[in-house]
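When a ligand or atom number is given, it counts from 1 through the structure's own listing order.
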Amino acid sequence: MSAVLTSQETRPPLLQADGVSIQFGGLKALTDFHLAIRQGDLLGLIGPNGAGKSTAFNVLTGVYQPTRGEVRVAGQRVNGRKPHQINHLGLARTFQNIRLFRALTALDNVKVACRAQGALHPHELGAGTKLRNAITNYRDWWRALLLTPHFQEEERELTRQAEHLLEVMGLSHRRDEEARNLPYGEQRRLEIARALGTKPRVLLLDEPAAGMNTREKADLMVLIRKLRDDFQLGVLVIEHDMKLVMGICEQITVLDHGETIARGAPAQVRSDRKVIEAYLGDSYLESHGGAA
Ligand SMILES: Nc1ncnc2c1ncn2[C@@H]1O[C@H](COP(=O)(O)OP(=O)(O)O)[C@@H](O)[C@H]1O
Ligand SMILES: [Mg+2]
């Protein structure tokens, strides 16, 4: 057991946050946040509404810049980089408010993500690469126009990849339906398929079970664990339903008012008085006869 733990600790983190803080005006949305995700980790981030969970995701993925502290992805410092640049280093996410191309089919939503993966972004690269990139784009344009065999083969490969991800997420039957016509739970799963399309090494899921019924939620949690194993990911899940996240996560970080008030195994966190007070409230204490 300890040998396993030791080998995990020595693996370099794929995603690391050190002393990350962000302030909006006078509001300290996140203070001195620390996190390390390695391949195979399945971690949870919980806390009451407004605790700073989504803000943490936004800082980790480059949507917001931290006021203090450092974020590293695959060993590289990413402070100041744009979300798509950070995505290219292997970090993908879903959003609390679903963001899909609503008028595109389920398949095309995932294909767009698969296509974006590996694409070069000129402004993040040197001059030589910029030129090569320009030439590549020019060639791609002609290949597309002439529908060359190479282009057609690439298209088929993208379609295969996207179909596979739809299948993994239980959405094959929705392949040709517009995203906006999918039931809510399926839209959430499509978002995950799309995130996987960018071939991440770390997946951040912001309340992936929100709006689902009890059965869908339970199934999704099992699926998340399977994704972690099959895609060899590190996963961080924000979930409002504490019971759900405790069922699958090995380590949980609890935020309250932007501060990390607890971190540890589910059992440890569940019996932490600060967590009970902040997160579960008096109703939990009453129904469970006080803190353990
Ligand atoms: N862009 C922003 N500008 C100002 N305040 C923000 C912004 N984003 C989040 N906040 C505030 O930061 C706090 C944490 O929000 P959030 O991270 O969304 O909480 P959670 O996801 O834990 O419910 C809230 O008080 C929220 O209003
Ligand atoms: Mg949130």
Under 4.5 Å between side-chain heavy atoms, counting indirect links through other Ile/Leu/Val/Met/Phe/Trp/Tyr residues: same cluster for Val245 and Val222 or not? no
Is the Mg ion (ligand 2) under 2.8 Å from any N, O or S atom of Asn49? no
Regarding Glu157 and Arg160, does a basic nitrogen lie under 4.0 Å from an acidic carboxylate oxygen? yes
Give the residue and atom name of whichever protein heavy atom lies nearest to atom 1 (N) of ligand 1, and the separation in Å to one decimal. Tyr64 OH, 2.9 Å
Under-4.0 Å heavy-atom contact with ligand 1, by part of Leu27 that carries it: side chain
Do Asn58 and Arg93 meet the criterion of a side-chain donor-acceptor pair at a distance under 3.5 Å? yes
Atom 16 (P) of ligand 1 [closest protein heavy-atom partner, distance rounded to 0.1 Å]: Thr55 OG1, 3.6 Å
For atom 6 (C) of ligand 1, the closest protein heavy atom turns out to be Phe24 CD1, 3.3 Å
Which of Leu27, Leu30, Thr31 passes side-chain contact (heavy atoms from CB on, under 4.5 Å) with Ile22? Answer is Leu30
Considering only non-hydrogen protein atoms, determine which one is nearest to atom 23 (O) of ligand 1 and report residue, atom name and distance to 0.1 Å. Gly50 N, 2.8 Å
If only atom types and distance count, is the side chain of Arg38 paired as donor or acceptor with the main-chain N or O of Asp41 below 3.5 Å? no
Metal site the Mg ion (ligand 2): N/O/S of Thr55 inside 2.8 Å: no
Please list, in number order, the atoms of ligand 1 under 4.0 Å from a heavy atom of Ala29. 12 (O)
Intermediate values then yes/no, side chain to side chain donor-acceptor pair (under 3.5 Å), Asp206 and Thr94: CA-CA 6 Å; Asp206 195 345; Thr94 62; over 6 Å; no
Are any of the N/O atoms in Gly52 less than 3.5 Å from those in ligand 1? yes
Partner of Gln161 under side chain to side chain donor-acceptor pair (under 3.5 Å), picked from Arg156, Arg115, Lys199, Lys111, is Lys199
At a 4.0 Å threshold, what atoms of ligand 1 neighbour a non-hydrogen atom of Asn49? 23 (O)
Is atom 25 (O) of ligand 1 less than 4.0 angstrom from some protein heavy atom? yes
In the protein, what heavy atom is nearest to atom 18 (O) of ligand 1, and what distance, to one decimal place, separates them? Ser54 CB, 3.8 Å
Look up atom CD1 in Ile261 and atom CG in Asp272, then write down how far apart they are to the nearest 0.5 Å. 6.5 Å
Considering the heavy atoms of Ala51, write down every atom of ligand 1 situated less than 4.0 Å from one of them. 19 (O), 20 (P), 22 (O)
Output a table of donor-acceptor pairs, distance under 3.5 Å, between side-chain atoms of residues 188-197 and any protein atom two or more places apart or on a different chain; print 'none' if there are none.
from: Arg188; atom 1: NE; to: Ala210; atom 2: O; distance (Å): 2.9
from: Arg188; atom 1: NH1; to: Phe95; atom 2: O; distance (Å): 3.4
from: Arg188; atom 1: NH1; to: Gln96; atom 2: O; distance (Å): 3.4
from: Arg188; atom 1: NH2; to: Gln96; atom 2: O; distance (Å): 2.7
from: Arg188; atom 1: NH2; to: Tyr184; atom 2: OH; distance (Å): 3.1
from: Arg189; atom 1: NE; to: Met169; atom 2: O; distance (Å): 2.8
from: Arg189; atom 1: NH2; to: Gly170; atom 2: O; distance (Å): 3.4
from: Glu191; atom 1: OE1; to: Phe95; atom 2: N; distance (Å): 3.3
from: Glu191; atom 1: OE2; to: Arg99; atom 2: N; distance (Å): 3.1
from: Arg194; atom 1: NH1; to: Arg99; atom 2: O; distance (Å): 3.2
from: Arg194; atom 1: NH2; to: Arg99; atom 2: O; distance (Å): 2.4

